[in-house]
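This report concerns only the one structure given below.
Index from 1, following the sequence.
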Amino acid sequence: MRLDGAGLFDRDTPLRFQFDDRWMGGFAGDTLASALMANGVKLVARSFKYHRPRGIWSAGSEEPNALVQVGKFARQVPNVRATQAELFEGLYATSQNRWPSLTLDLLSLNDLAAPFLGAGFYYKTFMWPRSFWEKLYEPAIRRAAGLGALSGQTNTEPYEKAYAHCDLLVIGAGPAGLMAALTAARAGADVILAEEGDRCGGRLLSEQEEVDEASGQDWVSRIVAELVASGRVRVMTRTTVTGAYDGGIYGALERVGLHLADPAPALPRECFWRIAARRAILCAGASERPIAFPMNDRPGILSAAALRTYANRYRTVPGPRVALFCNNDDAYRTARDLVASGVEVAAVVDTRAETPEGDYPVFREARVVDTRGRHGLRRITVDGPDGRRQIEVDALGVSGGWNPNLHLTCHMNERPTWNPALHAFVPSPGAVPGLDVAGAAAGVFSTHGALKSGVFRARKALESLGLAPPSMPIPQADDAPYVLSPIYAVDGAKGALGRAWLDFQNDVTVKDVRQAASENMTSVEHMKRYTTQGMATDQGRVSNVLALSVLADATGRGIPETGTTTFRPPYTPVSLAALGAGAQGKGFAPDRLTTSHAGSLARGAPMVEAGLWYRPSYFPRDGETTWREACDREVGHVRSAVGVCDVSTLGKIELQGPDAGAFLDLVYANTFSTLKPGRVRYGVMLREDGHVMDDGTTACLGPGHYVMTTTTVAAHKVMQHLEFVQQCLVPTMRVRFTSVTENWAQFAVAGPQARALLNDLLDAPVRNANFPFMACGAVRLGGVGGRLFRISFSGEHAYEVAIPARYGAALFEQLVARAEAMGGGAYGMEALNVLRIEKGFVTHAEIHGRVTADDVGLGRMVSAKKDCIGKTASQRPGLTDPDREQLVGLRPCDGRTALLAGAHLFEPGAEAVRVTDQGYVTSVCFSPTLQTPIGLGFLRRGRARHGQRVMMVDHLRGVTTECEVTDPVFFDPDGGRARG
């Protein structure tokens, strides 16, 4: 029902929208909730467990009931609060959690089974018979789970993330927030004013109240204009600060395009901000709490303050005849404003004996004990000193007092403090470093008190920032005291008929909480999980204090002793797309391309992904019909002539500083502080639990200057590990490091003719005498400075040459052209894998996170002369057991049957089951050098079993093969070819 009068919406801009495929009308400035109310819609949703009819409860983000689905197809967004969804032309919304329709929901039959679905029923059922879990219980639960639904289509909508810095972050733009921001702006501070709603003003937008002899709305407009004109304040409306984190960091979600019918293609739907603030003031206001009375969940029963908001701001009410149920004076403001708007106030039911007067019936020392109306409230039953009576009404506004919105102050695990004067929890001082609280969020509920509180907290913040606070007169405004006589639930033992609801969304009743207490769930955290109280999308903002009072009463404690549950971020739900902004499509898995990428494609190489990099699998030539033919040829090039491979994807980390050598000793199992300039050493890195993290080489380019290489897939993990060690374990070490992986293009040149090929390009040739195996140094190629490392991942005489990335493509072409002229050519990942398996070199197929250095045959590299990360843990009995699986080589006994990675190993003749498992296969290939399939794997007591036979069994592919256990080094075991 729409009322006459202006309100804060535009009657000159009518809008059409759909709800459950029914066209309706509203105006610009409406929310979906206010527009539905204006169209006479009371039933908007169904509750989660019992599918009971639900209507609008609030006018803000605390809304537990009116959750809808907005949009169609890929743009479909579930669980949108109708109270926050701004109306636009063509808005399409549907109700949720119902079938087949909102008015006829067959799952509402659950309500008939309520006696069997009480608190904790899921802990007591679904256990027998055991076979029913997978066949019946789980499928049924999964079908019933959830409220809204995703479209199942790829989300192509843009989202953004952004960063901001400020001297002062003001959270909330109500009276306290506006005064805090104004005080700081006049002092010259850089301010961010974040407001959850679409405009500043907070509760002043919903009140018929004056500030400094002007209407509240006019005063707000004047202050906002000054803030914007100051150039010191960034006013961020539609922005909810969702979490408080260490170091003055706050997360905030901005609704950018969600309120627009057809946002520009470049306009994101949401933006997630990370705000670094030197100081912050929380001015988030307070939420009105209900009173739990029998059948208090009918559509048409809503917060008294929300009723006032809809009447004053949106000029709409659920019907022409309204009642109020309260225990405090604030509800009388609603009654006054409704009467002034021409709405009949049928009754004010007050639990107190002393109440204000008004032009409406007031029932003192009375309770609402029952309601009627399935899809919309029609009648209430009032019990008072004069007996019981029934009153016909269209809506009931309920006010049980106010709860400060203090959740952000608890995000670092501090608990709030119970204020007996307010009968509410208030923030504990210093709960979040650098964050103060003002206004209703601090328990200051009058407008004048909120204005004064905002100025006071801003002055304190400015002083801590070293800024001189300005002289700020406090505007004149209402300063009525907060008068409340606490009542949380109407006692059902005194003739009340129905269930009294606490958590509207999750269908938790007073009886459920009392049952939890009777079953010894007396801890508030246990009660929460046993009943699901406070686990709905509003995180208990509406129901928590009521539930705590019921639990306190049931356990004979006070509310302070009962305590609160833990408040965690986010304050309101945040879409995953906003949190992961920029991570859609290639933003999630970007294409990382080497400098030789175009050259590899030009040679017809199929590309494979390795740690987000795209690398050539093999380089086919005319006449070759399978990848194996190309791979065998490329292996032959390396073994007999020369091959070129792009290894730029290996992680490259430069370390410098006087303590760089000591730092490397700490992170590597072997010693690096003794490594001389111009030399390279292979190293193994352990995790803190003693298992191998990564392996690679580190070169000493000069005193205190090293270059570490890592495997491609572990480059970022190693960098994170080094950062952790330096910052947390050895912060006093004088060492700095940075990733230079993408700064250098690096190519392996391997084979008997590798030196000849390189000397054809180097400005100064290298020889064995001046550049032996495991040497490194600066070189020049055609006048361009580079680096040369004599290391080998193929077992052949080999080098890796690095050059600034901008020259990489040209160098690749030069190297490949010369290699082809020498009877060789480029080789890809397939040949690289064969070459390393022939030499028994490990990759992350072997160092997969569950092996020690000894398991892979590198135990002697763990130095006995020094300590390192993971050394002590690696010496635990379980990690040194001789019965552990150890790296071995494998050959098929018939010399031709292919081995399979992932297959398991068993004793010949043993049953191939888990308890007889002896090991597993990690890497396999066909070796053109040895003309037989070979593989690497782990076998119990493997090093002592060379020459024995085992059975390789792959149950998935139905293959069984007899294998010979060998040394993992199949080719050139003494390493003479690499050193020669």
Side-chain angles (χ1 to χ4, degrees), residues 1-8 34 37 58-60 174-175 201-220 285-291 300-366 368 380 382 391 393-402 440 445-450 476-485:
M1 168 181 166
R2 190 75 77 172
L3 303 173
D4 294 331
L8 294 181
S34 67
M37 188 177 293
S58 74
R203 72 183 188 194
L204 290 177
L205 303 178
S206 304
E207 304 287 353
Q208 297 297 326
E209 186 174 337
E210 290 189 349
V211 180
D212 267 356
E213 299 182 348
S215 72
Q217 292 90 338
D218 289 344
W219 180 84
V220 168
S287 298
E288 192 169 39
R289 62 179 178 239
I291 299 172
I301 300 177
L302 68 164
S303 154
L307 192 57
R308 188 160 75 243
T309 297
Y310 288 114
N312 288 333
R313 180 172 179 177
Y314 302 106
R315 305 303 293 162
T316 182
V317 288
R321 186 174 167 85
V322 176
L324 297 168
F325 179 31
C326 66
N327 63 358
N328 64 86
D329 286 359
D330 189 76
Y332 289 83
R333 298 163 66 94
T334 302
R336 178 200 66 196
D337 290 354
L338 289 174
V339 169
S341 298
V343 178
E344 180 184 359
V345 176
V348 175
V349 182
D350 200 322
T351 62
R352 302 170 298 171
E354 300 295 331
T355 69
E357 298 293 336
D359 297 330
Y360 34 77
V362 178
F363 298 91
R364 299 176 177 85
E365 297 183 90
V368 175
I380 63 173
V382 178
I391 303 173
V393 295
D394 300 299
L396 175 66
V398 182
S399 179
W402 292 84
F445 293 136
S446 74
T447 303
H448 180 78
Q476 295 301 310
D478 177 74
D479 199 19
Y482 178 57
V483 181
L484 173 143
S485 179

Original post:
What's the verdict on side-chain contact (heavy atoms from CB on, under 4.5 Å) for L307 and L324, showing C-alpha distance, side-chain angles and the deciding distance?
Top reply: CA-CA 10 Å; L307 192 57; L324 297 168; 4.0 Å; yes
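- Contact of the L302 side chain with the P318 side chain is registered, since non-hydrogen atoms from C-beta on lie closer than 4.5 Å.
- We find the OG1-CD distance between T447 and E210 to be 12.0 Å, quoted to the nearest 0.5 Å.
- For D329, the side chain to side chain contact (heavy atoms under 4.5 Å, CB included) partners two or more places apart in sequence, or in a different chain, are R352, P356, V483.
- Put simply, the side chain of D394 gets close to the backbone of R321: a donor and an acceptor are under 3.5 Å apart.
- The aromatic rings of W402 and F445 are tilted relative to each other, their planes meeting at an angle between 30° and 60°.
- Rounded to the nearest 0.5 angstrom, D218 CG and D212 CG are separated by 12.0 Å.
- Between P361 and V345, the shortest heavy-atom distance links the atoms CD-O, 3.6 Å.
- To the nearest 0.5 angstrom, D330 atom CG is 6.0 Å from E288 atom CD.
- Side-chain N or O atoms of Y310 include none that pairs as donor or acceptor with a backbone N or O of A305 at under 3.5 Å.
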**OP:** Give the intermediate values and the outcome of side-chain contact (heavy atoms from CB on, under 4.5 Å) for residues Y314 and T309.
**Re:** CA-CA 7 Å; Y314 302 106; T309 297; 4.1 Å; yes
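- Closest approach of N312 and S206 over heavy atoms only: ND2-O, 2.7 Å.
- Closest approach of V322 and V393 over heavy atoms only: C-CG1, 4.4 Å.
- Remark: M1 CE to M37 CE distance equals 12.0 Å, nearest 0.5 Å.
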**OP:** With side-chain contact (heavy atoms from CB on, under 4.5 Å) as the test, would you mind laying out the steps for Y360 and Y332 before giving the verdict?
**Re:** CA-CA 10 Å; Y360 34 77; Y332 289 83; 3.5 Å; yes
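- Nearest heavy atoms, A311 versus V317: CB-CG1, 4.0 Å.
- Panel note: side chain T334, backbone A304; a donor-acceptor pair is recorded below 3.5 Å.
- In terms of heavy atoms, D350 sits closest to T355 at OD2-CG2, 3.1 Å.
- In summary, the side chains of D479 and S446 do present a donor paired with an acceptor at a separation below 3.5 Å, with no hydrogens or angles considered.
- Panel note: side chain T351, backbone A366; no donor-acceptor pair is recorded below 3.5 Å.
- A distance of 10.5 Å separates OG in S215 from CD in E209, rounded to the nearest 0.5 Å.
- Between the side chain of R313 and the main chain of R203, no donor-acceptor pair closer than 3.5 Å is present.
- Without hydrogens or angle criteria, N328 side chain to L484 main chain gives no donor-acceptor distance under 3.5 Å.
- Of the inter-residue distances, the one linking R289 atom CZ with I291 atom CD1 reads 9.0 Å to the nearest 0.5 angstrom.
- Here the closest heavy-atom approach between residue L8 and residue L205 is recorded as CD1-O, 3.5 Å.
- Exactly one residue among R308, R315, Q208 makes a side-chain hydrogen bond (donor to acceptor under 3.5 Å, both in side chains) with S341. That residue is R315.
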